[in-house]
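In what follows, a structure is listed as structure tokens, so that the remarks can point back to it.
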Amino acid sequence: PSPCVRPWSDKTLLGSLLIGVNLLLFALIQIGNLGFEKGDFKMFYTAAVALRTGRASEIYDPEIYAPMQRQAVPSLPLASIKPYTHPPYELLVVLPFSFLAYKSACWWWLLFALLLGVISGRLMGSCTAVLGMFPFLIVLCEQQDSSLALLILIGCWFALRNERDMLAGLILGLALFKFQIVFPLTLLLSIWRPRLMKGFTISGIAV
């Protein structure tokens with residue numbers, strides 16, 4: 001049977017309840033944010049638009065974000081404007097969404113995060129471990145990129161389980177847009193699996 005669906009078991013019922021509560025809470029919270037004034041996606045979106053329209057040299061210029069984000073969200077308070085602060089390579093993931101209108105792009109981004117959460121849950125053997133946990137509610141409410149980071153970390157773990165330490169390091173380096181999490185984790189893992197650091201260094205330099 002699917003790791004996400006084990007009919008009539010107590011674990012499945014509890015997991016379904018947790019996932020349902022998370023999605024219900026998200027729906028209730030999102031009612032107050034239908035214009036997507038809140039959340040991180042506006043910085044990803046406007047940076048991706050700048051990249052797509054030949055303004056790549058400006059993606060770290062904070063002055064471009066006020067007019068672009070106010071154009072996308074006319075009701076956006078100036079205090080809520082977010083300049084792009086992540087590495088530029090992450091925009092390759094966001095770039096397809098920049099062809100859509102802002103609100104449509106936000107909804108598709110949420111569906112993308114949900115899909116990554118489902119994939120991560122299946123790989124871990126429990127969708128509840130991702131979709132039913134409080135951090136995933138924050139990911140949805142704040143339109144964060146943590147679902148992508150989680151999938152990369154799971155890929156690293158699978159490589160370690162198969163004793164492909166250098167590949168694990170190469171994969172882990174791709175998650176450096178979450179530097180504050182990935183770098184300490186890499187130091188800890190490299191004590192256990194020293195060859196991981198070699199792969200991480202290669203992908204880290206490339207990033």
Side-chain angles (χ1 to χ4, degrees), residues 1-45 86 90 93-94 96-97 100 103-165 167-186 188-189 192-193 196:
S2 165
C4 293
V5 181
R6 299 182 186 277
W8 310 115
S9 72
D10 292 341
K11 182 184 291 187
T12 298
L13 291 173
L14 177 59
S16 299
L17 178 63
L18 290 172
I19 293 171
V21 168
N22 247 10
L23 294 178
L24 177 60
L25 287 174
F26 165 71
L28 293 174
I29 293 169
Q30 191 59 36
I31 288 173
N33 189 34
L34 292 178
F36 290 96
E37 293 93 348
K38 301 175 184 177
D40 291 347
F41 184 71
K42 55 182 175 284
M43 77 169 180
F44 295 119
Y45 179 81
H86 289 222
E90 190 180 1
V93 177
V94 187
F97 299 91
L100 302 171
K103 288 185 181 179
S104 297
C106 289
W107 285 114
W108 280 105
W109 178 258
L110 288 173
L111 287 174
F112 178 64
L114 187 60
L115 175 62
L116 293 182
V118 171
I119 293 172
S120 296
R122 290 185 67 86
L123 290 173
M124 293 172 65
S126 171
C127 286
T128 307
V130 179
L131 305 182
M133 298 295 104
F134 179 73
F136 192 73
L137 174 64
I138 301 301
V139 168
L140 294 179
C141 291
E142 296 296 327
Q143 305 117 48
Q144 295 176 348
D145 56 355
S146 299
S147 293
L148 182 61
L150 175 61
L151 189 59
I152 293 172
L153 292 176
I154 291 172
C156 170
W157 177 247
F158 270 81
L160 286 174
R161 285 180 58 184
N162 292 322
E163 299 186 354
R164 302 184 67 180
D165 297 0
L167 177 61
L170 287 168
I171 294 172
L172 189 58
L174 298 177
L176 274 171
F177 55 87
K178 291 291 185 182
F179 180 87
Q180 71 277 20
I181 297 172
V182 169
F183 193 70
L185 179 62
T186 301
L188 288 173
L189 288 176
W192 174 40
R193 299 285 186 86
L196 177 141

side-chain contact (heavy atoms from CB on, under 4.5 Å), paired with Leu123, selected from Val118, Ile154, Val130, Leu150: Ile154
Atom [atom1] of [X] and atom [atom2] of [Y]: how far apart are they, to the nearest 0.5 Å?
X: Lys42; Y: Cys106; atom1: NZ; atom2: SG; answer: 8.5 Å
X: Phe158; Y: Asn162; atom1: CZ; atom2: CG; answer: 8.5 Å
X: Leu196; Y: Leu188; atom1: CG; atom2: CG; answer: 11.0 Å
X: Ile119; Y: Leu114; atom1: CD1; atom2: CG; answer: 10.0 Å
X: Lys103; Y: Phe41; atom1: NZ; atom2: CZ; answer: 14.0 Å
X: Leu116; Y: Leu111; atom1: CG; atom2: CG; answer: 11.0 Å

Starting from the C-alpha separation in whole Å, work towards a yes-or-no answer on side-chain contact (heavy atoms from CB on, under 4.5 Å) for Phe97 and Phe44. CA-CA 9 Å; Phe97 299 91; Phe44 295 119; over 6 Å; no
For a quick test of reading the model, state the closest non-hydrogen atom pair linking [X] to [Y] and the distance between them.
X: Phe36; Y: Leu110; result: CE2-CD1, 3.9 Å
X: Ala113; Y: Ser147; result: O-OG, 3.4 Å
X: Thr128; Y: Gly15; result: OG1-CA, 3.1 Å

Under 6.0 Å from the CZ atom of Arg164, do we count more than 12 heavy atoms belonging to anything else shown? no
Qualifying salt bridge (Lys or Arg N to Asp or Glu O under 4.0 Å) pairs, either residue in residues 147-161, two or more places apart: none
Can any side-chain N or O of [X] pair as donor or acceptor with the backbone N or O of [Y] at less than 3.5 Å?
X: Arg122; Y: Cys127; value: no
X: Gln143; Y: Cys141; value: yes
X: Tyr45; Y: Leu100; value: yes

Anything under 3.5 Å between a donor and an acceptor, one on a side chain of residues 18-33, the other on a protein residue two or more places apart or in another chain? List them.
residue: Asn22; atom: ND2; partner: Leu131; partner atom: O; Å: 2.8
residue: Asn22; atom: ND2; partner: Met133; partner atom: O; Å: 2.7
residue: Gln30; atom: NE2; partner: Asn33; partner atom: O; Å: 2.7
residue: Asn33; atom: OD1; partner: Glu37; partner atom: N; Å: 3.0
residue: Asn33; atom: OD1; partner: Lys38; partner atom: N; Å: 3.0
residue: Asn33; atom: ND2; partner: Lys38; partner atom: O; Å: 3.3

Quiz: residues 169-185 side-chain donor-acceptor pairs under 3.5 angstrom, not counting sequence neighbours:
residue: Lys178; atom: NZ; partner: Asp145; partner atom: OD1; Å: 3.1
residue: Lys178; atom: NZ; partner: Ser146; partner atom: OG; Å: 3.4

